[in-house]
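Working notes, beginning with the structure itself.
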Amino acid sequence: MVRAMRSPRSSPRPADPMSAGGWFGRRGRARAMDSVPDGLALKCEACDEIIFAKALERTLQVCPKCGYHRRLGAQDRLEATVDEDSFVEMDRELQPSDPLQFPDYADKIRLAREKTGLDEALVTGRASIEGMQVMIAVSDFGFMGGSMGSVYGEKITRTFERAADERLPAVVFSASGGARMQEGLIALMQMAKTSAAVQRLARARVPYISVLTNPTTGGVFASYASLADVTLAEPGAVVGFAGRRVGRQDLGGHLPANFQTSEFQLEHGMVDRIVPRRDMRGALAYLLRFFSDKTDDGS
Amino acid sequence: MAANGLEFEKPILELEALLDELRKPEKREEARAQGIDLDAEVARLEAELRRVIEQVFANLTPWEQTLLSRHKHRPYSLDYIRLVFDDFMELAGDRRAANDEAVIGGPAFLDGEPVMVIGQQKGRDLRERQRRNFGSAHAEGFRKSLRLAQMASRFRRPLISFIDTAAASADLRAEEYGVSEAIARNMAEFSALETPVVVVIIGEGGSGGAIGQAVGDRALMLEHSVYSVIPPEGAAAILWRDAAKAPDAASALKLTAEDARRLGIVDGVLPEPLGGAHRDHHAAAATVKRAIHKALKELSRLPVDELLSRRYARFRRFGAWTEGPGHGAGTGESPTR
C-alpha cells in the first residue's frame, strides 16, 4: 500500500525528452506540445504568477504556486506515466480521411499534424507501469481539441479488443472536446463503437481504468471514458457533458462555482477519485496491483 | 394544419386554404347560382396542389429537411405507438431518482405479438413541451429506457426504439445526475441486449441524445428525419461563428436520411406520404409498421449469439481512414475481426 502510493516525487521521472524519440520519431521534432513552453518563464493561466519553465518540467506542468494542472500532450503524458522505454506504439499507420468532404477539414488535419507532430488525436500502444503490462491510450487535446473521429474511435476500440484478447488491463487518458464534428455521423458512431468494445472488455473481466484530464467533455465523456471499472480525474479539469458555455447560457447564474469540473463530478458520484498528477503513476500502479492475477505479480 | 407551416410549405398551404374555401357548401351554392362549374375548378386546383407539393419536395435542401424533421405537426413517438401497435401500457420511472417524461416506454402488442417500446417524446402544446423538456432526456430518461430495454432482454421481447430528440439535456440537473454516464451506459448495455432491437428515427436524431437509445440491430429513418452529430446551428456557430449559417452547416454535416443511408449508418429510408409525415399520420405509421414487421421477421430467426455478434460488427465497421506510408492505401471499412 505504502509502496504503491509512493509519489513519483521521490523517484523523479526521466525528464529527458529524447528518451521518447523512438515513440514519435517519424515526424521528427515532436516537442511542440502545448505543455512545453518556448521561453524561460511564463505566466500561470490560473494564478497569473510568473513561473519558470524548468520548474514546470520538474512538476509535470503543475503550477508550483497554485497547483493548476496545465495540459500535457500525449508524449509528455506517456513519459510521466509509463516505465522508461516501455512504450511501443501501435496503429500509427491509421490516418484520418475526409469522408464527408467537410469544409476546411483537410487543412485542419494538416495544421494539427504540424503543430503536434502527431498523426491523430489519440496515441495508443502497449507499455508497462511499475513493471505491469498494460494497453494504453492517450488523447492529445492539441490535435483538433482531442476530438474523436474514425481513427481515434478505431484505435481505442482496438486497444480495448487487444486488452481483452491478451488479458492486459486497459489504461486510457482522455483529453477531448468530444466527437469530431467534421466526420459527422461517422464520428457519432464512434461513441457506440467504443462503448460496445468496453462492454466486451468488461464481460471478459479485464480491468479498465479511465483517467479524465482537462478537458473531457461531450461525446468522449458520454462514451467509453465514463464506462471504466475505476475512473480517476486530475484536479480542476473541466469534465462535463456539454460545453461549459452552453450550460451557463441555459441556466443563467445559478450554477455552482465548480460546475463541470472533476470536483463537481466527484461530488455527484461520477468519478472515483481525484488524483494529482504527481501521484497518478502511483495510483495506477496501486490499482493494477489490485487487479493483477496473483500468479504473475511482477514484483 | 394551415397555421404554423414552414416557409417553403407556403405555396402548398395557400392552395390548400383556397381549396378548403371552394369546398364549403355556401361557396358551392354561390357558384351554382352564378352558373360556374366549381367541380372542374376544384379538380384543376387539386392537380395543381399535387404538382406543387411534388415540386417543393423534389428539391428539399438539407436545411429544409432539418426543418421538416422538427415540424410541429409531425407524428411523435406516442402517435406512432398509438397507430402501429394494438395496445400499449406506459410504465414510468428509472428506479433511481425520477420519472423523466422526455422518454416514454412500456409493453405493447404488434399484431398480437408482445414487444417492448421506448421512445423520445416531444410535446404538442407549450405545457406538454415543458413537461417533456422538449424531448430532451436527462439521465433519468436514459436510465428508464435502459430499465425497460433490459426487461425486454430478460424476457426475450423485441425492443422497438423511436428516436426524436434535438439533443440530450445539458442543464445543471443533467450534469448532477450523470447524463454522460447514462448515455454511455445505454450504448454499452444496448450492445448486449439479448433480443432483437429495431431503431426508428422518426424526427430529429440529435447527437448523443439519439445514439443513447439507438444502438440496435436495424436502424431505419423516416424520409424527412435527420441524424447528426451536432445541430446545424451549433456547427455553424463553431465553424463560422454565425448560427444564421445553419443551412450551410446542414449541407456539410450530411445529416439527411439519404446521407445516413449512403454512409451505411442506417439500413433503410422509409418513404413518407407526399408532403411529409405530418400531412398523413396514418400513412406514415403504416409504413413504419411494415418496416418493423419486416425487420423483426429477419432478426427473430437469428440465435442470440449470432444476433449479438452481428450487432457488434454493425458498429465495429463504422469509420473511414486511410493507412499511411508503407501500409498501402486502404480506406473505409475496418478490417474484419
Side-chain angles (χ1 to χ4, degrees), chain A residues 92-100 102-104 119 149-151 153-154 157 161 179-181 183-193 195-200 202-203 217-219 221-227 240-243 246-247 250-251 254-256 259-260 264-265 268-270, chain B residues 167-172 174-192 205 207-208 210-212 214-215 227-230 234-235 238-239 248-249 252-255 259-260 263 265 311-312 315-327 331-332 334 337:
Chain A
R92 187 171 181 162
E93 67 276 12
L94 301 190
Q95 307 287 322
S97 66
D98 186 4
L100 307 187
F102 199 93
D104 303 329
D119 293 281
S150 294
V151 171
E154 177 68 17
T157 300
E161 288 177 341
R180 184 173 294 171
M181 178 179 68
E183 292 190 20
L185 268 184
I186 300 173
L188 186 68
M189 292 304 125
Q190 304 309 310
M191 292 172 63
K193 171 168 151 175
S195 298
V198 176
Q199 177 75 14
R200 287 204 157 184
R203 288 211 160 179
T217 60
F221 187 48
S223 66
Y224 74 85
S226 281
L227 293 170
F241 180 51
V246 179
D250 286 354
L251 282 169
H254 301 301
L255 297 176
F259 187 51
Q260 291 182 329
F264 176 94
Q265 300 297 351
H268 292 95
M270 300 302 145
Chain B
S169 181
D171 61 14
L172 176 60
E175 292 285 0
E176 286 176 334
Y177 285 73
V179 71
S180 299
E181 190 274 347
I183 290 170
R185 187 69 54 196
N186 273 23
M187 292 186 295
E189 295 295 337
F190 275 49
S191 77
S207 197
I211 193 67
V215 171
Y227 199 4
S228 184
V229 69
I230 183 172
I238 293 170
L239 280 172
D248 297 328
L253 285 166
K254 304 277 192 289
L255 47 58
D259 289 329
L263 291 168
I265 283 158
R311 191 182 304 153
Y312 188 77
F315 287 87
R316 184 68 188 77
R317 71 187 156 83
F318 292 140
W321 61 83
T322 58
E323 302 215 346
H327 296 81
T331 58
S334 77
R337 239 193 91 82

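What you see is a predicted model, and the numbers here were worked out from it, not measured in a lab. Residue numbers begin at 1 in each chain, while the letters A, B, ... track the order of the sequences.
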Could you please spell out the steps behind the side-chain contact (heavy atoms from CB on, under 4.5 Å) verdict for B:R316 and A:M189?
-> CA-CA 9 Å; B:R316 184 68 188 77; A:M189 292 304 125; over 6 Å; no
Show your reasoning for whether side-chain contact (heavy atoms from CB on, under 4.5 Å) applies to B:L239 and A:F102.
-> CA-CA 11 Å; B:L239 280 172; A:F102 199 93; 3.6 Å; yes
Winner by heavy-atom pair count (cut-off under 4.5 Å) against chain B, out of [options]:
options                        : result
A:G240, A:G153, A:A225         : A:G240
A:G269, A:G184, A:P99          : A:G184
A:G149, A:A187, A:S195, A:G219 : A:S195
A:M270, A:M191, A:H268, A:Q265 : A:H268

Can you tell which part of A:A202 gets under 4.5 Å to a heavy atom of chain B, answering side chain, backbone, both or neither?
-> neither
Part of A:M181 lying under 4.5 Å from any heavy atom of chain B | both
Contact summary for [X] and [Y], nearest pair of heavy atoms:
X      : Y      : answer
A:R203 : B:A192 : NH2-CB, 3.7 Å
A:P256 : B:L172 : CD-CD1, 3.6 Å
A:S223 : B:M187 : CB-CE, 3.7 Å
A:L227 : B:A188 : CD1-CB, 4.0 Å
B:G319 : A:I186 : CA-CG2, 3.7 Å
A:P103 : B:A252 : CD-CB, 3.6 Å

Relative to chain A, which segment of [X] carries a heavy atom at a distance below 4.5 Å: side chain, backbone, both, or neither?
X      : result
B:S228 : backbone
B:L255 : neither
B:A249 : neither
B:S191 : side chain
B:Y177 : backbone

Counting heavy-atom pairs under 4.5 Å to chain A, which of B:S207, B:G178, B:G208 comes out on top?
-> B:S207
Measuring from atom [atom1] of [X] to atom [atom2] of [Y], what distance do you get when rounded to the nearest 0.5 angstrom?
X      : Y      : atom1 : atom2 : answer
A:K193 : B:Y312 : NZ    : OH    : 8.5 Å
A:E183 : B:K254 : CD    : NZ    : 13.0 Å
B:E176 : A:F259 : CD    : CZ    : 8.0 Å
B:L263 : A:L185 : CG    : CG    : 6.5 Å

State, yes or no, whether a side-chain contact exists between B:F315 and A:T157 at a heavy-atom distance under 4.5 Å.
-> no
Pairwise side-chain contact, A:S226 with B:I183, heavy-atom cut-off 4.5 Å (strictly under) | no
What's the verdict on side-chain contact (heavy atoms from CB on, under 4.5 Å) for B:L253 and A:L100, showing C-alpha distance, side-chain angles and the deciding distance?
-> CA-CA 7 Å; B:L253 285 166; A:L100 307 187; 5.8 Å; no
Would you confirm whether A:S97, through its side chain, and B:A320, through its main-chain N or O, come within 3.5 Å as a donor-acceptor pair?
-> yes
Criterion side-chain contact (heavy atoms from CB on, under 4.5 Å) on A:Q260 and B:E175, from CA distance to verdict | CA-CA 7 Å; A:Q260 291 182 329; B:E175 292 285 0; 2.5 Å; yes
